[in-house]
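The next block holds one structure in the form of C-alpha cells; read it before the comments.
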Protein chains: 4
Amino acid sequence: MAASPARRPHTGRNRNQATRQAILDASLDLLISGEAAMTMESLAAAAGVGKQTVYRWWPSKAAVLAEALSGRARDLVPAADTGTVLGDVTAFLAAMFRSANQPGVGRALRMIMAEAQTSPQAAQVLRAYTAGRRQALRTVLERGVDRGQLPPDADLDLIIDQAFGFVWYRLLVGHAPLSRRAATDLAKRLLPPCGA
Amino acid sequence: MAASPARRPHTGRNRNQATRQAILDASLDLLISGEAAMTMESLAAAAGVGKQTVYRWWPSKAAVLAEALSGRARDLVPAADTGTVLGDVTAFLAAMFRSANQPGVGRALRMIMAEAQTSPQAAQVLRAYTAGRRQALRTVLERGVDRGQLPPDADLDLIIDQAFGFVWYRLLVGHAPLSRRAATDLAKRLLPPCGA
Amino acid sequence: MAASPARRPHTGRNRNQATRQAILDASLDLLISGEAAMTMESLAAAAGVGKQTVYRWWPSKAAVLAEALSGRARDLVPAADTGTVLGDVTAFLAAMFRSANQPGVGRALRMIMAEAQTSPQAAQVLRAYTAGRRQALRTVLERGVDRGQLPPDADLDLIIDQAFGFVWYRLLVGHAPLSRRAATDLAKRLLPPCGA
Amino acid sequence: MAASPARRPHTGRNRNQATRQAILDASLDLLISGEAAMTMESLAAAAGVGKQTVYRWWPSKAAVLAEALSGRARDLVPAADTGTVLGDVTAFLAAMFRSANQPGVGRALRMIMAEAQTSPQAAQVLRAYTAGRRQALRTVLERGVDRGQLPPDADLDLIIDQAFGFVWYRLLVGHAPLSRRAATDLAKRLLPPCGA
DNA sequence: CGATAAGCGAGACGGTACGTCTCGTCTTTGA
DNA sequence: TCAAAGACGAGACGTACCGTCTCGCTTATCG
C-alpha cells in the first residue's frame, strides 16, 4: 500500500483547530447578541483572528454561518422513529421549530438566506444545507411509504417543500411564531388524506 | 365644524410624480437587466435623479423595491372567481407563480427579502407587502367557507402560510421551479380533506 | 430722443427692506455665535426667509458677508485727523484691530477670505472690499504727504500692503493677537525713516 | 535600560511609501493643472488610490496640501548667507515670492489658508507650516543681530509678521503681483532704521 | 376694477463631495 | 507554512449644501 495521494508530506505550521473553533464560536456570539450585522471584519476582530484566517477556512460569510449552525443543528435532528409517519414528522417539525427559535440559530439562518440572494457562493452553501435538510425529511417520509402509511405515489417533493417553506416563511417574515402547536397542526396537514 | 388640524396647507414646490415614476421604472429596469446589484447610486443615476430625491420619496432601498413591485403585482392577482375554492386557489397560485417567474419581479422579491433580514425598515416594508398578499388569499378562502366548500373551522392561517411559504422557499433557494403543474398540485394539497 | 433704456417702469410687489435687513442680521448672529459654518441654508432658515430671497439680494455668500460686515465697519473707521501721520495711522490701525477683534467681524472677514479662494464672485467682493479699505488708508497717508510729514516719493502701496498684510496674517493664522500695542508699534515701523 | 514602551513591535503590511508619494504627486498635479478644485475624490482617483488610503495617511485635505507643498518649499529656501541682513532678507523674500508665484504652490497655499478658516485640523496644519516659515526668517534676522547689523532690541516678531503678512495678503487678494522688485523694496522697509 | 408682474416662504430637484464602512486581496513579521 | 495585523483599491452608504426651479400666496402698478 503506497501512500501516493499525499505526495508532499506537509511542511509548515499546522492549521490550528482552536483558531477555527474560535471563529465559529465568535460568529454565534455575534449572531446571538445581535447588536449589529455580522461583518467579516467584526467576526475576525471578535475571534481575535486575522481576516485572512477566516477566508482561509471558509470561502464566504455564509459558509461560516452554515458551519456554525450545522454544528448546532446536528444533534437536534436525530429523526427519531416513533412508529408512525405522523409521529415522526411531528417530531421532526417540532425539533426544527425549536432549533429555529433559538436566537442564534434563527438569525444565522436568516443571514445565510439573505447572503444567498446576492452572493453565488452563499447560494451554493444554502443549497447544500437545504438539500441535506430535505434529505433528512425525505428519509422520514420514505420510511412511512415502506410502512404503508403513505401511498407509494405520494409527491414527497411537494410535501417537503411545503414543510420547509412554512418554516422559512415564518422565520424570514416574522409575522407568526413557530410554536409547538403549529408543528403539530402542520404535520397533520402535510400527510394524507391530503391531496388524495 | 372646526378645521383646526390642518394648519399650514402646504408651501413649496410640489413633489413631481413623474420623477417618482422615473425612479420606479429605473428600479425595475435595473432589476430585470440584472447586470449588477441595484444600488441607490446606480438607481439614482439610471433615473437621472439626485440621490437625495430617492431618499425623499422612500426611506430605504427595500421600500423602493416593494413599491416598484407591488405596482406590477397588483394587476396580476385579480383573485378571479371560478366557482370553486379549488379553482380559485389554483388560479391564485398560478398567477403568483407566473409573476414570480418574471425575472424582474422574482429578483425584486428576493432582494426585498434579503434586505429585510438586516434592515428594520425593509422588514417593515416586507411585512406590509406580505400582509397584503396574505389578505388577498384569505379573501379567496373565506369565499370558499361561505360557499360551504371549506369547513368553517379550517385553519386559514396555516393554509396561507403553507402556500406562500412554498413559493418563497422555491424562489429563494431556487432548487425547483415554480411550474404551472406545481401550482395545480399544491392547490389540491392545501385544501381539504387535508388535515381533517 | 426716446427714453429707451428704462422701458417698462415697474410692476409687482416691492422688495422688502425689512427682509433684507433680517438676512444681514441673521448672518451676523450666525457668525458671532460661531457654532457652525454659515451656510446659505442655515442663513435663510435663521432669517426666516426662502433661499431664493437671499439670492435675489446678493449673488453669493461672500456678498452677504461683505455687506453685513461693512455695515459694522463703516462707523468704526472715520479716519480721524490727529495732526500727524503717525497719529492718524496709529488711530487707523487701532480702529481696524479693534474691529477685527470683534468675534463676528473677525469671523466674517475670515470666511470671506476663505470663500474668495474658491469662488470668483467672492474674490470680486473681497477685492472691492479691500480696495475700499486700502483707499481709506491711502487718504490718510496722502494727507501726510501734503503736510510734508511723508516724502513725496514714498511707496504708499508698499506701506499699505504691509499694514493690511499684517492684520490679515494675524487674523487668518491666529498665532498672535491684534493688540493695541501691536497697532502702535506697527504704525511706527510703517512710516519713515523706514526704507529711506 | 527598560524596553517597556514599545511592546508589540508591529505586524501587518507596511505602509507603502510609493503610495504616499503618488498621492502627493497627484495633489500637486491637480493643483498645477488648476482645472478644478482639488477634492479628496479627484485626488484619490488621480493617484489611483482608494479614498480610505488618503485618509489613512493624512487627516484632512489641508494636511495633504501642506505636506505636498512643504516638500517643494524646503529646497527653495536655503536661507543663504550673503554677508548682510539686507542681502539675506532680500534673498529670503525673493525666494519666497518666486515660490509663491509658481501656480501649484500659490494655489496650494491659498487652499490651505481657506480650509484653515473652517477646519480646525487645517488650522493646525497651517499653524505648524507658518511657524516653520517664521522660524526660518527669524534665524536669518538673528544672524543679523549677532553681526550687529540689527539692534538687539529689534522686535523680530513684528518684522516677521510684516514680511509674511505682505506675501499672504498679495497672494490671497491678488490685487498686486509678488514681483522681484517688491521683494527688494520690502526688504529695505523691514529693516532699520525703521521704527527706530 | 381686474390683469399683470414681481416678491416672498417653502421646499423639491439634479448635482457634487463628504467621511465612513465593508469587501476581498495582498504583504509583513513573528511563531 | 500559518497566523495576527493591517494596508490597499474599490465602491456603496446616507448626509450636507449648492444654486435653480416651481408652488401658492401676497402686494403693488398699470390699463
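Just so it is clear, the model here is predicted, and its values are computed rather than measured. Just so we're on the same page: letters track the sequence lines, and every chain starts at 1. Scope of the values below: all heavy atoms of this structure, side chains included, with no hydrogens, waters or symmetry mates.
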* CD/C:Gln121: more than 12 non-hydrogen atoms of other groups inside 6.0 Å -> yes
* Asked: Tell me: CD1 of D:Ile23 to P of F:dG9, nearest whole Å?
  -> 7 Å
* Under 4.0 Å between a side-chain N/O of C:Thr53 and OP1 or OP2 of E:dG9, yes or no? -> yes
* Atom-pair distance (CH2 on B:Trp58; P on F:dG14), nearest Å -> 15 Å
* Between F:dA10 atom P and D:Leu43 atom CG, what is the distance in whole Å? -> 14 Å
* To do: Look up atom CD1 in C:Ile32 and atom CE in C:Met38, then write down how far apart they are to the nearest 0.5 Å.
  => 12.0 Å
* Structure fact -> Out of E:dC8, F:dA4, F:dC8, minimum distance to the side chain of C:Arg15 belongs to E:dC8
* Within the side chain of C:Arg107, is there an N or O that forms a donor-acceptor pair under 3.5 Å with the backbone of C:Ser33? -> no
* For D:Gln117 and D:Met113, indicate whether the former's side chain and the latter's backbone hold a donor-acceptor pair under 3.5 Å. => yes
* Please report, rounded to the nearest Å, how far the P atom of F:dC8 is from the CD atom of D:Gln21. => 13 Å
* To do: Using heavy atoms to find the nearest nucleotide of DNA chain F for D:Ala47 and A:Gly50 separately, return the residue whose nucleotide is more 5′.
  => A:Gly50
* Output all residues satisfying side chain to side chain contact (heavy atoms under 4.5 Å, CB included) with C:Ala116, sequence neighbours left out; order by chain, then residue number. => C:Ala122, C:Ala123, C:Leu126
* Summarise how protein sits on nucleotides 20-27 of chain E as a single string, 5' to 3': B when a protein heavy atom is under 4.0 Å from the base, S for sugar-phosphate-only contact, - for no contact. => BBBBBBBB
* **Any donor-acceptor pair under 3.5 Å from B:Lys61 side chain to B:Met111 backbone** => no
* Would you tell me if any nitrogen or oxygen in the side chain of C:Arg56 comes within less than 4.0 Å of OP1 or OP2 on E:dC8? => yes
* Give a yes/no on whether any side-chain N or O of B:Trp57 is located under 4.0 angstrom from OP1 or OP2 of E:dC13. => yes
